[in-house]
Each structure stands twice: as structure tokens, then as C-alpha cells.
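Heads up: the structure comes next, in C-alpha cells.
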2 protein chains.
Amino acid sequence: MSKNASVRRAPRMADVAAMAGVSGMTVSRVLRDPTCVTPETLQRIEQAIEATGYVANRVAGSLASRRTNIVGLIVPSLRNSLFVETIQGVSDVLGTSHPLMIADSGYSLAGEEAAIRAFLGQRVCAVVLHNTTHTDRSRVMLREAGIPCVETGNLTRQPIDMVASFSNRKAARAMTAYLIARGHRRIGFASLPTDDNDRAEERRAGYQAALSRARMPVDPALTIEVAAGLAGGAEALTYFLSLTPAVDAVFLSGDVLATGAVLEAKRRRIAIPKRLAIVGTDDSDLQERISPAVTTLRFPRYDIGRRAASMLLTRLDGRPVDPASVDLGFEIVERATA
Amino acid sequence: MSKNASVRRAPRMADVAAMAGVSGMTVSRVLRDPTCVTPETLQRIEQAIEATGYVANRVAGSLASRRTNIVGLIVPSLRNSLFVETIQGVSDVLGTSHPLMIADSGYSLAGEEAAIRAFLGQRVCAVVLHNTTHTDRSRVMLREAGIPCVETGNLTRQPIDMVASFSNRKAARAMTAYLIARGHRRIGFASLPTDDNDRAEERRAGYQAALSRARMPVDPALTIEVAAGLAGGAEALTYFLSLTPAVDAVFLSGDVLATGAVLEAKRRRIAIPKRLAIVGTDDSDLQERISPAVTTLRFPRYDIGRRAASMLLTRLDGRPVDPASVDLGFEIVERATA
DNA sequence: TGTCCGCGAGTTAGCGCTAACTTGACGAAA
DNA sequence: TTTCGTCAAGTTAGCGCTAACTCGCGGACA
């Protein structure tokens with residue numbers, strides 16, 4: 001037994017070419033366009049690929065062609081099912097032709113910058129960012145890299161390149177206006193921490209804008225920040241119930257805060273919505289099936305992911321994307337808690 | 001203005017080296033080990049990197065060194081928060097030094113095989129699989145590639161390479177035994193579809209094993225499969241309530257089935273656990289906070305991800321991993337529904 | 001009959017790094 | 001002084017592909 005046989009290395013394109021009796025270039029072409037050779041040649045090459053178990057080396061291919069087909073995606077956290085919806089949308093559109101590299105920023109701009117740097121080192125061909133605020137360096141690096149970029153977390157007016165999202169501000173304003181229209185006059189607002197989180201910030205601005213437009217006072221005591229999770233919602237509810245004069249509605253912006261608040265309200269036997277209306281964001285089958293069913297804002301997160309990916313593919317295909325800013329909108333789902 | 005200046009391409013290592021007055025090799029070494037040169041040289045190189053905005057090209061580096069530091073990870077679906085827990089664990093341990101490439105198999109073995117093929121094309125240095133059943137081709141490809149692999153979904157006895165998980169069978173058996181010990185005699189079992197899903201299959205086997213050990217009959221009418229989601233849980237509950245003679249307990253294995261069942265039972269004003277005990281799997285703060293709080297199996301999914309990643313890193317570091325099979329265990333969380 | 005075009009397939013020259021070897025200077029040991 | 005080890009840094013030769021150009025052949029057309 002020869003040494004070559006015992007120490008088997010991965011087959012290279014040249015091995016396949018030799019076995020099929022063609023040049024390496026022909027194999028390379030066939031892998032990208034099977035119709036560009038005669039059927040007989042194609043068949044010989046396919047047989048050789050099968051026989052050797054050849055798997056094309058994309059690393060070498062990428063170096064030679066100076067581009068990869070890897071798409072990089074950064075979310076604040078992987079744990080949050082909201083972001084995961086968008087990731088699934090991106091993944092579904094990209095398929096296996098464009099591998100997806102995923103990193104989490106840990107909700108920090110520095111974390112995002114580190115992830116961008118790592119991605120650029122891998123020479124990703126495009127990036128998807130959830131955040132719409134970034135460090136200066138992040139912006140510069142992405143601009144210099146000259147690759148397409150879609151932001152998905154908020155319909156920012158200053159995208160790095162493209163954006164597919166909804167307006168957090170408009171959505172929060174619409175929901176607040178909805179409460180006002182239904183006669184509520186003292187409305188509490190709880191959000192996730194706003195540092196490095198433009199979405200939470202925008203929503204608070206939307207809440208305040210709705211109050212101002214209705215000529216209602218903006219009481220700082222009615223705006224709080226809580227941690228994500230059911231516990232955060234419960235905490236917010238507890239706080240708002242402690243206020244004098246009493247609030248008659250609360251808007252819990254983000255994550256499952258509203259569900260947490262409703263569960264806590266039930267535990268305390270608070271009448272919903274009679275004594276207190278509760279509305280939330282990020283509709284889910286949980287918010288729908290809990291009793292009373294929660295009135296929420298619904299965001300098209302999966303579609304945002306799909307749209308973001310298709311915008312990237314269009315640009316990678318050399319075609320222009322117009323408009324570069326796509327508003328996928330939002331929806332108020334009226335149920336029983338308001 | 002020269003053409004070179006107007007058409008700026010990404011700086012290469014040679015540019016940095018020229019600016020710092022050293023050879024490319026020295027720059028290459030510094031990037032991996034800053035202490036291997038004199039402090040003055042290091043400083044000059046760092047300044048040159050800063051001035052040029054150089055980002056090392058990992059594609060070229062990988063080709064030259066014949067290895068990447070990309071870890072590939074495949075889950076059945078990204079939408080499911082259970083899998084995402086594990087992903088976060090993996091991601092936290094890998095950090096930015098090992099970019100994470102993620103694909104979903106769409107719950108199919110063929111999808112997994114396609115993803116594995118794509119990953120091997122990218123020459124990933126290691127893979128994490130959630131599934132523990134695979135196509136023959138998948139197994140062959142991974143073995144030929146000779147890269148470390150950790151499976152995380154079930155403590156399989158025939159891992160491709162390594163496994164970090166818990167025993168789905170033992171967990172389901174323990175939970176069923178728990179119900180039997182509490183006096184239940186007619187126990188329904190609902191799971192997710194078992195095709196291509198070894199976890200669901202194992203759990204059903206565990207349920208049946210517990211019944212057999214207690215010398216209780218295994219009635220096929222008491223075992224059903226439902227779709228994931230709260231609706232699936234509601235559907236299961238509806239089915240079990242329709243049976244004669246009546247069941248006195250149901251075990252809903254997987255996803256949020258138990259929560260869905262509890263919500264549906266409340267809607268129908270079924271007394272829990274008096275008339276019907278309900279237990280589930282995959283503990284979450286939702287199962288804890290819903291009323292009545294759900295008795296569940298808790299699986300250490302995040303820790304499984306961390307452990308899987310550290311096993312990979314150990315092997316990539318050239319050190320052996322022993323044992324190659326790690327049981328992270330499970331726990332029955334006793335609450336109010338049983 | 002000659003010209004030219006289109007098409008299948010080959011040849012050449014890198015892509016931007018790193019492994020492995022080499023060099024040269026300096027100081028310690030013989 | 002000679003020898004040799006050590007350490008910083010350089011030189012050489014690819015890694016396994018693909019871009020871009022080249023070649024040769026057969027058929028359409030004037």
C-alpha cells in the first residue's frame with residue numbers, strides 16, 4: 001500500500017479533472033454552470049466528483065475570485081425570539097448558496113464593532129445589522145469595505161446603506177393614540193433599557209409625541225425602564241399600580257413585558273381592562289392565547305428578514321435596489337386587554 | 001491624482017509591512033503573537049495597521065494554513081427558542097475568535113446533509129449538530145473531513161464523534177414515573193412528530209418504558225403526535241379529554257405544548273390537577289409564571305451549548321476530550337399542575 | 001472557397017496569505 | 001578566540017482555486 005493511499009487528503013479539483021480527463025478549469029466552470037460543456041463532458045465530471053467525494057474548496061475559490069458568498073448577520077442577542085424571527089427570514093431566502101455567519105453584539109455598540117471587524121476579516125459579501133446606531137468606526141469600516149448592508153431594527157433615516165424595517169416611533173405613537181382615543185388619560189410607559197438601544201428610545205419618543213399631540217402632560221414618573229422577560233413586565237405593573245393618582249392604562253414596549261404584566265395583574269386580581277388597560281408589542285401566539293388576550297402591536301419580523309435578504313441578493317447580483325429604505329409597517333391587534 | 005489613489009483597494013499585509021519597514025512575514029507573526037518581536041517593531045506595525053485601516057484577510061490566511069476557525073452549527077429550526085438557547089451557549093464560549101456559521105435543516109435529514117456539504121465547502125474547522133440521526137452520506141462526509149463534531153440534541157450511544165446532551169429517554173421515563181408515583185393510572189402522551197426526530201422518538205420510548213416497568217398497559221390510543229406551538233398543546237388536550245375511559249394525567253413532550261394545554265384547560269374550566277394533571281418539558285419563565293404553574297422537565301440547554309463549544313475548542317487545541325460523551329442531566333421541576 | 005464567428009476547452013498567472021527554512025547578529029560557554 | 005545557541009526577522013514556495021486570455025474546430029455566409 002503506497003503512502004498516498006494510506007494518508008488520504010481531501011480530493012482537489014485537479015484530481016477530479018484528471019479522473020474525468022479534462023482540465024481543472026473545465027471542472028471549475030461546470031460547478032458554476034453545468035450547461036456550459038457538452039453533456040458527455042458533464043457526465044464524466046459528475047461521475048468523477050461522485051467517485052472522489054469531492055467537495056469544492058470555497059476558501060481557495062474565494063481567494064481567487066476575491067469574493068465570498070458568506071452573509072454576516074449581527075443581532076443584539078440570540079436568546080431573544082424576536083430577533084430569531086428575522087434571522088429565519090434571512091436564512092430562508094439565502095438558502096444554501098449563501099452561508100450565514102451570525103454574531104451577537106450583546107446589546108453593545110462595541111460588541112457590534114468587534115463582530116463587524118471579524119466579519120470583514122472573513123470577507124463577507126454583505127451584512128445584516130439589527131441595530132441602527134453604530135460606532136463611527138463601524139460605519140467607516142462598512143463604508144470602506146463597500147459591501148451591501150441592510151439594517152432591520154428600525155426605519156432609520158440615516159441608514160449606512162439600506163434599511164428594511166418599520167418605524168418604532170410611529171408604531172408607539174399609534175398605540176398610545178389608540179389608548180387616548182379609548183378614553184385613557186393617565187398612561188404609563190415601560191420600555192427596555194434605552195442605552196445603545198435606538199428602538200426603545202424611538203418608542204419612548206413616539207409615546208411622548210402622542211401625548212403631546214393630544215395636549216396631555218408628559219409626566220416623567222410615568223416612564224420607566226425594566227429588564228426584559230416576564231419578570232420585567234411584572235415589575236413594571238407593580239410600579240404603575242403604586243402611583244397616585246392611579247394610571248388607567250399601561251403600554252409595555254418590548255419583549256414579553258405585556259404578558260408578564262397581564263399575568264401579574266391576574267395574580268393580583270386587577271380587573272383588565274376595566275381598572276387598568278394593558279397593551280404590548282411583538283405579537284405572538286402567547287399574547288393571543290393568554291386570557292385575557294393581549295392587545296398588541298404586530299411587527300412583520302419574518303418578512304423583514306426575507307426582504308432584507310432579497311435586497312442583498314439583488315445588489316450582489318449587480319442590480320440597483322430602489323427604494324433603499326423599505327417600510328414594512330406595523331399593525332395594532334385589538335384584543336381584550338384595552 | 002494617480003489612478004492608484006482614486007481606486008483604493010483594501011490594504012494588504014504587504015502595504016502594512018512596507019509602511020512599517022518590515023517584511024510581510026513579520027506582520028503575519030505579530031497578528032498571531034504580538035510578543036514575538038521587539039517592542040519597537042511591534043509599535044511600528046501597530047501604527048501602520050492603524051494608519052491603513054488594515055483588516056487581515058482570513059480567506060487568504062485560511063488557504064495558506066489549510067484551516068479556518070469557522071465553526072458550523074446546524075439546528076432543526078431557528079424559530080424555536082429551545083435551540084437558540086444552545087446556540088447562545090456555543091456563541092458565548094467561541095467569542096469572536098471563532099466565527100459561527102449557522103444553518104437550519106428544516107427538520108429534515110436531507111436538509112442537514114445539504115448544510116453539512118455547504119459547511120465542508122467553507123472548510124469549517126468543527127461542527128455542532130442538534131440532530132443525532134443523520135443520513136449515511138452525512139456521517140461519511142463528516143468522518144472523511146476529520147473535523148471535530150459535537151451532537152447536542154440527545155445523549156446518543158453512537159455519536160459521530162462527541163456528544164454533550166441529556167438522555168431524552170431517561171427524562172421522559174422519569175417524568176412518567178413521577179406521574180405514576182403520584183397515583184395516576186391512565187396517562188396520555190403527546191409529542192411532536194417523530195419522523196426524522198430522534199428526540200421525540202426517544203421520549204416516547206421513555207414514556208412506554210415507565211409504563212411497562214410499572215406493569216401498566218401501553219394503550220396506543222393514549223399516544224399522539226401534534227404540531228409545535230400553543231395550538232398543538234390545545235389540540236392534544238382536546239383529544240385526551242374526548243377519551244373514554246378518561247385519562248387522569250397528560251404528559252406533553254416538547255416545545256410549549258404543556259402551556260398550550262394548560263391555557264386550553266383553563267378556558268374549558270377543567271380543574272388542574274384535580275381532574276387532570278398536566279406536565280411538560282422545556283421549562284421556561286412562562287411555564288413558571290402561568291397560573292397554575294406548570295410542572296416540567298428542565299434541560300440545561302445553555303450549558304449544553306457552552307460545553308459543546310469548549311469540547312470543540314479543546315480538540316482544536318490538539319488536546320484529547322475525555323469523556324467524549326457528556327451527560328448534562330435533567331431535572332423535574334415540581335409545580336402546581338401535577 | 002475563403003472568412004469569420006461562436007463555442008467548447010486549455011493555459012497562464014496570480015489571489016494574499018503562512019509553513020518551513022534561512023540568515024545574521026549577539027552573547028555565553030569552552 | 002572559537003563555537004554555538006538563541007532570537008528577531010527575512011526568503012521561498014506554495015495553498016487550491018478562478019479571471020482572462022488563447023486555441024482549434026465546425027458551420028454559416030458571402
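Quantities reported herein were computed from a predicted structural model and do not represent experimental measurements. Throughout, a chain's letter reflects where its sequence line sits, starting with A, and its residues are numbered from 1.
- With rounding to whole Å, A:Asp15 atom CG is found 9 Å from D:dG16 atom P.
- A donor-acceptor pair under 3.5 Å links the side-chain atoms of B:Thr86 to the main chain of B:Arg301, judged by distance alone.
- A:Arg58 forms no cation-pi arrangement with B:Phe119, by the criterion of a distance under 6.0 Å to the ring centre and an angle within 45° of the ring axis.
- A salt bridge is absent between A:Arg44 and A:Glu40: the closest approach of a Lys/Arg side-chain nitrogen to an acidic carboxylate oxygen does not fall below 4.0 angstrom.
- Closest to the B:Ala64 side chain, of the nucleotides D:dC17, C:dG10, D:dG14, is D:dG14.
- In terms of position along DNA chain D, the nucleotide closest to B:Thr35 lies nearer the 5' end than the nucleotide closest to the other residue of the pair A:Leu63 and B:Thr35.
- Here B:Thr41 reaches the OP1 or OP2 of D:dA9: one of its side-chain N or O atoms lies under 4.0 Å away.
- Taking only side-chain nitrogens and oxygens, A:Tyr54 never comes nearer than 4.0 Å to OP1 or OP2 of D:dG16.
- Rounded to a whole Å, the CG atom of B:Leu31 is 12 Å from the C1' atom of C:dT18.
- Comparing C:dA9, C:dT18, D:dC15 by their closest approach to the side chain of B:Arg66 singles out D:dC15.
- Although no hydrogens or angles enter the test, the distance criterion places no donor-acceptor pair under 3.5 Å between the side chain of B:Arg139 and the main chain of B:Asp136.
- If you check every strand for non-hydrogen atoms under 4.0 Å, B:Ser23 touches a base.
- For A:Met25, the listed nucleotide lying nearest its side chain is C:dG10; candidates were C:dG10, D:dC17, C:dG16.
- Nucleotide D:dG16 holds its C1' atom 16 Å from the CZ atom of B:Arg67, rounded to whole Å.
- Residue-level contact check: B:Arg32 touches the backbone only, with heavy atoms under 4.0 Å from sugar-phosphate atoms and none from bases.
- With the nearest nucleotide of DNA chain D identified for both A:Arg29 and A:Ala14, A:Ala14 has the one nearer the 5' end.
- Set against C:dG10, D:dT18, D:dA9, the side chain of A:Met13 has D:dT18 as its closest nucleotide.
- Salt bridge annotation for B:Arg12-B:Asp15: present, with a cationic side-chain nitrogen under 4.0 angstrom from a carboxylate oxygen.
- Contact check, A:Thr26 against C:dG8: no side-chain N or O comes under 4.0 Å of OP1 or OP2.
- As rounded to whole Å, 13 Å separates atom P of D:dA9 from atom CD of B:Gln43.
- Contact annotation for A:Val59: no contact, since no heavy-atom pair falls under 4.0 Å across all strands.
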Original post:
Where do B:Arg79 and B:Asp104 land on the salt bridge (charged side-chain N to carboxylate O under 4.0 Å, His left out) test, with the steps shown first?
Top reply: CA-CA 10 Å; B:Arg79 270 210 166 103; B:Asp104 74 281; over 6 Å; no
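- Rounded to whole Å, atom C1' of C:dG10 lies 13 Å from atom CD1 of A:Ile45.
- Not one side-chain nitrogen or oxygen of A:Ser62 sits closer than 4.0 Å to the OP1 or OP2 atom of D:dC17.
- For the pair A:Ser65 and D:dT18, the criterion of a side-chain N or O lying under 4.0 Å from OP1 or OP2 is not met.
- When rounded to the nearest whole Å, the span between CD1 of B:Ile49 and P of C:dC17 equals 11 Å.
- The nearest whole Å value for the distance from the CG atom in A:Asn57 to the C1' atom in D:dC15 is 9 Å.
- One atom, CZ of A:Arg58, and another, C1' of D:dC17, lie 9 Å apart when rounded to the nearest Å.
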